[in-house]
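Note on naming: letters A, B, ... go to the chains in the order of the sequence lines (proteins, then strands), and numbering restarts at 1 for each one. Fair warning: this is a prediction, and the values are worked out from it, not measured in the lab.
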Amino acid sequence: MEITAKYNPVEVEDRLYAYWMENGFFNSDPDEREPYTIVIPPPNVTGILHMGHMLNNTIQDVLVRRARMLGKNACWVPGTDHASIATEAKVVAKLREQGISKDQLTRNEFLKHAWEWKEKHGGIILEQLKKLGASCDWRRTQFTMDEKLSEAVIDTFIYLYNKGLIYRGIRMVNWDTVSKTAVSDEEVIHKDVNSKLYYISYPIVGENASLTIATTRPETIMADAAICINPNDERYYSMKNKKVLIPLINKEIPVILDEYVSMDFGTGCLKVTPAHDVNDYALGIKYNLPVIDIIDNDGRLNEKAQILTGEDRFDARKKIVEMLDDAGLLVKTEDYKSSIGFSERTDTVIEPKLSMQWFLKMEEISKPALNYVLSGEIKLIPDKFKNTYKYWMEHVRDWCISRQLWWGQRIPAWYLPDGSFVVAKTADEAFTLAKKKYADIKISELRQDEDVVDTWFSSWLWPISVFDPSACGHPEIKGNADLNYYYPTNDLVTAPEILFFWVARMIIAGHEFRGKAPFSNVYLTGIVRDKSGRKMSKSLGNSPDPLKLIEQYGADGVRTGMLLCSSAGNDILYDNSQVEQGRNFCNKIWNAFRLVKSWNIEQIPQPDYATKAIAWFNSQFNRTLKEIYDNFDKYRISEALMDAYKLFWDDFCAYYLEIIKPAYGSPIDKSTYTETLKFFENLLKILHPFMPFITEEIWLILNNAQKEHKSIMLTHQPKLCDFDEKTVSVFEQVKDIIVNIRTLRQNKNISPKQSLELFVKGNFDLSFASILMKLANLSKVEITEMDIKNMSSFLTGTNEYYIPLGSRINISEELEKLTKELEYARGFLSAVNKKLTNEQFIKSAPSNIVESEYKKRLDAESKIKILEDNISRLQANNI
RNA sequence: GGGCGCAUAGCUCAGCUGGUUCAGAGCACCUGCCUUACAAGCAGGGGGUCCUUGGUUCGAAUCCAUGUGCGCCCACCA
């Protein structure tokens, strides 16, 4: 059988994924085993895979695959999010391309287009995840706008409304005057803009004096409802109970007092414009001021402004400044820098606009959610996010849950002709409720709210709704078998930027509807950035196409590359070289497999070096295994992978295989071969969660004959075994000797093919001599007390090693090397002595530290003696 | 403006409750090798005032304070 020298992932990956799917290896149903559950953070249904998804889902897959191999019933639930804002924007854009504007369509017509779009593009991202190797139970795929899940959202709304937690209120929305819609905060880009601060004087009624205010928006003065000053401001004590005139329109408005006004900004006088500023609105409520909205949806002044009607707000600003100046009411103009919001879509300045919205009261329901995290019942990884979480939850504001969109779950509120409303699941139910108010009302007189709920209002239910949507909004229901088995889930893997939008709210919903936190651990990944630290984004064009990467480097290579450089919570700076490293590692594994596969097995005695190597690697393996398990426990996934990487590459390939490898053409003894296969298989099992394809491929070939398990993922992770620390440390010394000899060869230009002799003085364990002889190409290893001429020497620990070099010896070079070492050893000794002569140190330091210093001194002294001896011997030789 | 966090090799980061894991890892770099598993490789090697300045201590990369430079979250002052 011919095996290629280079691993070819493309063919292997598609074949194996199909094999896994056919056999349903990813499927999970409740049984007697301990469950392990992850729900996927649902990507946008019409989105495509980006590097952030790759990282995030690789981590989830590692966790799930590992849990599966620890004998748990692992269930990874996939699905997609309807992402109302993003998806609706895409549909609107696509319609615009076809020359259709959203206003021309009815709600139902628009939704028809939206569903078509969803059918066409929906779920592509899930297919892409399969390329990555994601081991989701695909039978369980969910969509946040599926009928059942939408019903869950409506039930939840009604439940919270009936509990008195949902109310209507005024809020500033970000109004885009070009597309004439409200946009979300995320779609507003803040830019620092040089603007002006205008000082305008308002004549005081009945006096020949005026008050000067400072504003950046002079075009809104016609909407002013009051002038506000700080009651502690001495300059304006006399202004109490007075009135002023709005310039140009000469409208009388009161002067009010409130500590909200800061005395050191501008003149200390604030114009209060409730219709166009949210803080002013709050003041307006407090002092019962009228709301005069003078700006229309298209950004033009309306007739309520009395002047400049029909002008765009920015033209109006220029004109009104001139008019004020002409009237002698513009006191001065200052340059002023402020941050202004622009619409991401139309790049126009966002107009803050008051509107009626639905809110969820957060104060009470977020308290338990804070406690879950503070008490450690839910762990954030890394825990540095705990502080941020705490701060946010303690300063939480009510959640505006309505969105002025069509794509989503429509708010289940029906308005009566008198402006009041009822909340109900269906129009019929709403009609029943309405009849209680007005017996003669007709169903046709009811009008359902036009808005939909925020997307997060469906995704906060996700860990519950994917199992049993009917349990959402119904804490009294026990829930189905799936929910009771899989919920609460175990780990959530997501990005820190949605810790509040999503994670916190899931915790709230979990507690509210199930009385339990939805998960135990939240693993927060970083942002994937490019080499120069910029966030990867479509608009910058700095993101590689993940599917092309997979094609080029293999899914295992890409997974490994990304994981190696991503500790929790830290951003990852992506660079192709990392993925190359992953691919190279695949190739390394592949070639180790080729080597093992190429051997002829015979019943011959086991060489001593093989016996020793097996004993060592067994210890080394179990030692590393423990580290890997520890790292997994702490969710240090990249560290665990690096441990496995070095175990395979350095320990297994560079040492173990090199030692036991028979000479070309020679057979290998059966028991060494068997042990080696066992090691190899255990290594594959450890690597499988990280690199599912190549490990499965090799495992299947190696297990050709044995059909006990149809897949490596059905086997178990190796069990932790005791290991012999001594063996490991002795071997470290062996490695040290090998490296010293190899360095000597390099420096002296001695070919690796030419064998050398090694003489040892000191307490040397000869049992590893056979390994030394093989890896350092030595013809003999001997303990001696004799002095040998013309030799190079080195030290490991307190042992002295000598290699006869014959005529190749260069005495002055050797002398120089030894002198340097001697100097260093003397310096080291004097530092140790300094400590040991310090009475305070002896008194205060713990005894084991002091003892170790004494030992250091002894070692250093004997080392110095050896070095001095060797130097004098060389010098004698030299004569 | 309020809050949180970070600074260690050229890059990305480990470094637990101060002391032999104490200055580390991977990548990158340099040198020598096409040695019958692998040049996507093998062998060897050189890199750091642990951001500044103070303090605590017998002892500080590690604890405290100040400064500097970054990053994130929240709220946005007319």
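Distance from the side chain of A:Met642 is smallest to B:G26 among B:G26, B:C58, B:A37. With B:C38, B:C58, B:A78 as the choices, the nucleotide that has an atom nearest any side-chain atom of A:Gln840 turns out to be B:C58. When each of B:A43, B:C38, B:C76 is scored by its nearest atom to the side-chain atoms of A:Asn279, the top-ranked nucleotide is B:C76.
Side-chain nitrogen and oxygen atoms of A:Trp649 include at least one within less than 4.0 Å of the OP1 or OP2 phosphate oxygen of B:C42. Note on A:Ser751: every side-chain N or O is 4.0 Å or more away from OP1 and OP2 of B:U35. Listed pair A:Tyr656 / B:A37 fails the phosphate criterion, with no side-chain N or O lying under 4.0 Å from OP1 or OP2. For A:Arg397, a side-chain nitrogen or oxygen approaches OP1 or OP2 of B:A75 to under 4.0 Å. Regarding contacts with the backbone of B:G19, every side-chain N or O of A:Lys835 stays at 4.0 angstrom or more from both OP1 and OP2. Phosphate contact (OP1/OP2 of B:A37, side-chain N/O of A:Lys661, threshold under 4.0 Å): present. Taking side-chain N and O atoms only, A:Asn584 has a distance below 4.0 Å to OP1 or OP2 of B:G41. For B:G5, the OP1/OP2 oxygens have a side-chain nitrogen or oxygen of A:Asn387 closer than 4.0 Å.
A donor N or O paired with an acceptor N or O is not found under 3.5 Å between the base of B:A28 and the side-chain atoms of A:Gln578. The base of B:A43 lies outside donor-acceptor range of the side chain of A:Arg742, with no N or O pair under 3.5 Å. Side-chain atoms of A:Lys843 stay outside donor-acceptor range of the base of B:C58, with no qualifying N/O pair under 3.5 Å. Side-chain atoms of A:Gln746 and base atoms of B:U31 include a donor and an acceptor less than 3.5 Å apart.
Residue A:Arg217 is classed as having no contact, given no heavy-atom separation below 4.0 Å to the nucleic acid. Among the atoms of the strands shown, none is found under 4.0 Å from any heavy atom of A:Cys228. Residue contacts shown for A:Leu564 are absent, as no nucleic acid heavy atom lies under 4.0 Å away. At a threshold of 4.0 angstrom between heavy atoms, the contacts of A:Glu658 include nucleobase atoms, whether or not backbone atoms are also involved. Among the heavy atoms of the strands, none lies under 4.0 Å from A:Glu839. As judged by a 4.0 angstrom heavy-atom cut-off over every strand, A:Ser262 is placed among the base-contacting residues. Within 4.0 Å (heavy atoms only), A:Tyr645 reaches sugar-phosphate atoms of the nucleic acid but no base atom. At the heavy-atom level, A:Val272 lies nowhere under 4.0 Å from the strands shown. Backbone-only contact: A:Asp277 has heavy atoms under 4.0 Å from sugar-phosphate atoms and none from a base. Among the heavy atoms of the strands lying under 4.0 Å from A:Ser844 is at least one base atom, whether or not backbone atoms are also near.
Going from the P atom of B:C64 to that of B:A28 covers 37 Å, rounded to whole Å. Between B:G67 and B:C4, the distance separating the two P atoms is 15 Å to the nearest Å. Taking atom P in both B:U12 and B:A7, one finds a spacing of 13 Å when rounded to whole Å. Across the C1' atoms, B:C11 and B:G48 are found 14 Å apart, a figure rounded to whole Å. B:C51 and B:U8: their C1' atoms are spaced 10 Å apart (whole Å). Distance noted for atom P between B:A60 and B:U20: 12 Å (whole Å). Between the P atoms of B:C70 and B:C77, the separation comes to 26 Å (whole Å). Comparing the same atom, P, in B:G5 and in B:C42 gives a spacing of 43 Å after rounding to whole Å.
Rounded to whole angstrom, the span from the CG atom of A:Asp383 across to the P atom of B:G5 amounts to 10 Å. A straight line from CG of A:Leu563 to C1' of B:U12 spans 15 Å, rounded to a whole angstrom. A straight line from CD1 of A:Ile849 to P of B:U21 spans 8 Å, rounded to a whole angstrom. In this structure, the CG atom of A:Leu836 is 17 Å from the P atom of B:C58, given to the nearest Å. Nucleotide B:C38 holds its P atom 10 Å from the OH atom of A:Tyr664, rounded to whole Å.
Salt-bridge annotation for A:Glu658 and A:Lys774: absent, with no side-chain N of the basic residue lying under 4.0 Å from a carboxylate O of the acidic one. Salt bridge present: A:Asp859 and A:Lys855 bring a charged side-chain N and a carboxylate O closer than 4.0 Å.
Base pairing analysis places B:U31 opposite B:A43; the two distances defining the Watson-Crick or G-U wobble pair are each below 3.5 Å. A 3.5 Å limit on both hydrogen-bonding distances identifies no Watson-Crick or G-U partner for B:A23. Base pairing of B:C72: its partner is B:G3, meeting the Watson-Crick or G-U wobble criterion (both donor-acceptor distances under 3.5 Å).
Shown here, B:U21 is classed syn by the O4'-C1'-N9-C4 or O4'-C1'-N1-C2 angle, which is within 90° of 0. Applying the 90° criterion around 0 to the glycosidic angle, B:U12 comes out anti. Shown here, B:G47 is classed syn by the O4'-C1'-N9-C4 or O4'-C1'-N1-C2 angle, which is within 90° of 0.
Heavy-atom nearest nucleotides on RNA chain B were determined for A:Ala845 and for A:Ile738, and the one closer to the 5' end corresponds to A:Ala845.
Side-chain atoms of A:Tyr574 and A:Asn576 form a donor-acceptor pair, as typed in the model, at a separation below 3.5 Å. Checked by atom type, the side-chain pair A:Thr212/A:Lys332 shows no donor-acceptor distance below 3.5 Å.
Atom NZ of A:Lys748 sits in a crowded spot, with more than 12 heavy atoms from other residues, nucleotides or ligands closer than 6.0 Å.
Screening A:Val739, A:Ile771, A:Leu775 against A:Val734 for a side chain to side chain contact (heavy atoms under 4.5 Å, CB included) leaves a single residue, A:Ile771.
When ring centroids are compared, A:Tyr389 and A:Trp392 stay outside the 6.0 Å threshold. Annotation: A:Tyr655 is not in aromatic contact with A:Phe679 [ring centroid separation under 6.0 Å not met].
Considering every non-hydrogen atom in both A:Leu564 and A:Met642, the closest pair reads CD2-CE, 3.5 Å.
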